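To start, the structure under review is shown below, and the notes come after it.
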Amino acid sequence: MKLYDTLSRKLIDLEKKPGEKIAGYVCGITPYDEPHLGHVRTALVFDLFRRYVKAQGYKPVFVSNFTDVDDKIIERSAELSIHPFALAEIYERLYYKLMDFLNVEPLYAYIRVSQVIPDIIEAIKQLIDKKHAYVTPDGVYFSVSSFPYYGELSARKVEDISLLESRVEPSPFKKDPRDFALWKSRKTNETVWWHSPWGDGRPGWHIECTVISVKFAGFPLDFHGGGSDLIFPHHENEKAQSEALMGQKPFARVWMHTGMLRIGKEEMHKSLGNFIGATEIMAKYDPDVVRYLLLSTYYRDPVTFSEEVYNQAANTVNNLRSYFERLDWVSRDGEARTRVVSLVTSAKETFHSALEDDLNSSAALAEVHKLITQLRVEDLNISEASIVKQFLTHALRTVFGLRLTKDGKVDESLIQDMVELRNDFRKQKKFSEADAIRNMLLRHSIVLEDTKDGTRWIRE
RNA sequence: GGCGCCUUGGCCGAGCGGUUAGGCACGGGACUGCAAAUCCCUGUAGGGCGGUUCGACUCCGCCAGGCGCCUCCA
């Protein structure tokens, strides 16, 4: 399997055999507010990746984190007068709920920063011993000049970085403006802090990912992922720390970055008022459609979310569901013809080679659509329908994570009674009565279809 | 200012130096009591200007437009 690597700007072959582990780390969220569609896009990309390698027989060991120790959490929880960890817990739970709604399979581990404080302290100690970090009155800083490869991931010249005006309040104790905090000394009033050899305080933003990934996914990682907005400074810093700490390169064999989600022409931001959060997603959108929409594009490119695009995806998903469901209606006996078998076989091959090629999900989905147009349901016999269904189950359910069903609360036997009643009316040419039944069912999203083999119904 | 990305038919969106991507929508037809669904048919696009080539949407250069990052961010 080949993946595009941000660092080398080339496709890298993972060179794994089925049965082997694929271990990686995906930067998670800071649970200070609702997770949003942008987080969803990244989660879905790695879910597709994980589902695919799992289906191919690899053992995915994907690790992620919750940044529950952070400036924003502290600020927000102070505003709300609740404990920072309580705030984090609220949004962690919402995140899990959202993932469940979207049919995202749980990763191998989700680790909170607060769970690995002793490991973080140990890592900082080692960095200080190796002269990659220094202690100051307001914290411990990583010394960028001690690491010669700094800037290679984000393709920046270190001199440029040092010239920049820092958005963060510069510390008077930094030896170099590019240096970043590994440990922040406790300010008065702060409620979240730990003892350390350098005084009470808490970890800086980047060190957690180094520690969690090394501890739970190993070194080097097969891949390291996250949104493309994290390339600088977060991943650059994380890489510097990790490689300095371990005394070897690379930290990750492949750096994978997902493109940003846009609403209309703009990137989604709370401040722009185009924020689509977890509760809104779960209330308004169909998880299959969200998955299809966000996975039908190349993961590194930006993807735009709009009503129009959503509706297009919704139609596509409905058609897929309909085809999938109609496979169960096939009743003709027979052996599977070689033409059908070979079309399915080659679709499967193309589907897989598309995903092998840097997760080309649009090409993979195109292959599914192509097979569907080549094999109309009414031309299939039972054995053929079963082969097709097996492939679609694998491709769309197992790999793409679509459920392909809509759960209804309507009793099926009741629907069957209604269908029979309506057909009695039709035989008696009482069409307005028949239509009344059809309309009534339609209001419960049950659509009737009169075929040559009788009346069928489907949930829409 | 620095680094990088993008521009494909009404919309979304791939691959590829010379053969139909695919989807959604639209239109025509078949079927139907009417519908719905389904089936059949229909679209030859690739920002602009040059260059390389027998041949470019695909490679190179320039221009135009759009976007991202440059210590909050998935």
Side-chain angles (χ1 to χ4, degrees), chain A residues 6 9 26-30 32 35-46 64 70-72 75 151 154-157 159-161 163-170 177-181 205-206 225-234 236-237 257-262 265-271 292-293 296-298 300-304 306 308-320 322-323 326 350 354 357 360-370 372-373 376-379 426 429-432 434-435 438-439 442 447-452 456-458 460:
Chain A
T6 306
R9 297 182 202 177
V26 184
C27 283
I29 61 161
T30 300
Y32 75 106
H36 56 67
L37 257 190
H39 300 127
V40 164
R41 149 95 131 164
T42 296
L44 289 178
V45 167
F46 286 98
S64 190
D70 170 87
D71 289 345
K72 273 184 286 199
E75 281 167 29
S154 52
R156 276 182 175 73
K157 294 192 189 101
E159 310 85 67
D160 295 338
I161 298 166
L163 291 172
L164 289 165
E165 286 277 315
S166 177
R167 253 189 239 180
V168 164
E169 257 182 64
R178 299 169 295 166
D179 293 348
F180 52 90
W205 176 30
H206 317 290
S228 60
D229 54 346
L230 296 180
I231 295 172
F232 189 87
H234 184 232
E236 191 70 69
N237 291 355
H257 289 104
T258 56
M260 295 292 100
L261 181 102
R262 290 191 209 155
K265 277 268 167 190
E266 294 164 316
E267 188 179 327
M268 182 171 70
H269 273 302
K270 277 192 92 175
S271 53
Y292 188 92
L293 168 55
S296 61
T297 317
Y298 183 43
R300 307 188 72 251
D301 286 340
V303 63
T304 301
S306 66
E308 184 181 10
V309 164
Y310 180 84
N311 290 333
Q312 285 182 14
N315 285 331
T316 307
V317 166
N318 273 339
N319 291 341
L320 290 173
S322 161
Y323 183 95
R326 282 185 294 119
T350 309
D357 183 18
N360 189 338
S361 50
S362 23
L365 290 170
E367 194 57 26
V368 172
H369 284 115
K370 205 166 150 190
I372 286 175
T373 40
R376 306 315 326 190
V377 171
E378 30 288 304
D379 299 331
R426 291 175 70 211
K429 307 247 184 249
K430 290 182 177 169
F431 294 122
S432 48
D435 289 351
R438 187 168 66 196
N439 290 335
L442 186 62
V447 178
L448 298 190
E449 301 178 6
D450 298 323
T451 72
K452 321 148 199 66
R456 305 282 186 182
W457 60 270
I458 195 166
E460 283 281 305

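The sequence lines fix the lettering, A, B, ..., with proteins before strands; numbering per chain opens at 1. Note that the structure is predicted; figures quoted are calculated from it, not measured.
- Set against rA25(B), rU38(B), rC12(B), the side chain of Asn315(A) has rA25(B) as its closest nucleotide.
- Annotation: salt bridge (charged side-chain N to carboxylate O under 4.0 Å, His left out) contacts of Asp71(A) (sequence neighbours excluded): Lys184(A), Arg202(A).
- Rounded to an integer number of Å, the gap from His257(A) NE2 to rC5(B) P is 15 Å.
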Can you name the atoms? Protein N/O to nucleotides 16-22 of chain B N/O, anything below 3.5 Å, with the distance.
unit_1: rG22(B); atom_1: O2'; unit_2: His369(A); atom_2: ND1; d: 3.4

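- Proximity note for Arg178(A) (side chain, C-beta onward) versus rA37(B), rU71(B), rC34(B): the nearest is rU71(B).
- Here the side chain of Arg438(A) is nearest to one of rC73(B), rG33(B), rG23(B), namely rG33(B).
- Listed candidates were rC70(B), rA74(B), rA36(B). Nearest to the side chain of His36(A) is rA74(B).
- Nearest to the side-chain atoms of Asp229(A) among the listed nucleotides rC72(B), rC73(B), rA35(B) stands rC73(B).
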When you compare the protein's N or O atoms with those of nucleotides 26-31 of chain B, which come within less than 3.5 Å of each other, and at what distance?
none

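- Secondary-structure annotation of RNA chain B gives the stems B:1-7 with B:64-70, B:10-12 with B:22-24, B:27-30 with B:38-41, B:47-51 with B:59-63, with a stem taken as at least 3 successive Watson-Crick or G-U pairs whose two distances both fall under 3.5 Å.
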N/O-N/O pairs, protein side and nucleotides 59-61 of chain B side, under 3.5 Å:
none

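- With distances taken from any side-chain atom of Val447(A) to the nucleotides rA37(B), rU71(B), rA36(B), the minimum falls on rA36(B).
- Straight-line distance from the CG atom of Asn318(A) to the P atom of rU38(B): 10 Å, rounded to whole Å.
- Taking Ser322(A) as the reference, Arg326(A) meet the side chain to side chain donor-acceptor pair (under 3.5 Å) condition, with sequence neighbours excluded.
- Closest to the side chain of Trp205(A), from the set rC73(B), rA35(B), rU38(B), is rC73(B).
- A search for side chain to side chain contact (heavy atoms under 4.5 Å, CB included) contacts involving Ala366(A) returns nothing, not counting sequence neighbours.
- Every salt bridge (charged side-chain N to carboxylate O under 4.0 Å, His left out) that Asp450(A) has, sequence neighbours left out, goes to Arg422(A), Arg426(A).
- Ala43(A) is linked by a side chain to side chain contact (heavy atoms under 4.5 Å, CB included) to Tyr95(A), Met99(A), counting only residues two or more places apart in sequence or in another chain.
- Evaluation of the side chain to side chain donor-acceptor pair (under 3.5 Å) rule for Tyr298(A) yields Asp358(A) as partners, not counting sequence neighbours.
- Legend: residues meeting side chain to side chain contact (heavy atoms under 4.5 Å, CB included) with Glu367(A), ordered by chain and number and at least two apart, are Ala347(A), Thr350(A), Lys370(A).
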Strictly under 3.5 Å: I want the nitrogen or oxygen pairs between protein and nucleotides 42-45 of chain B, one per line.
none

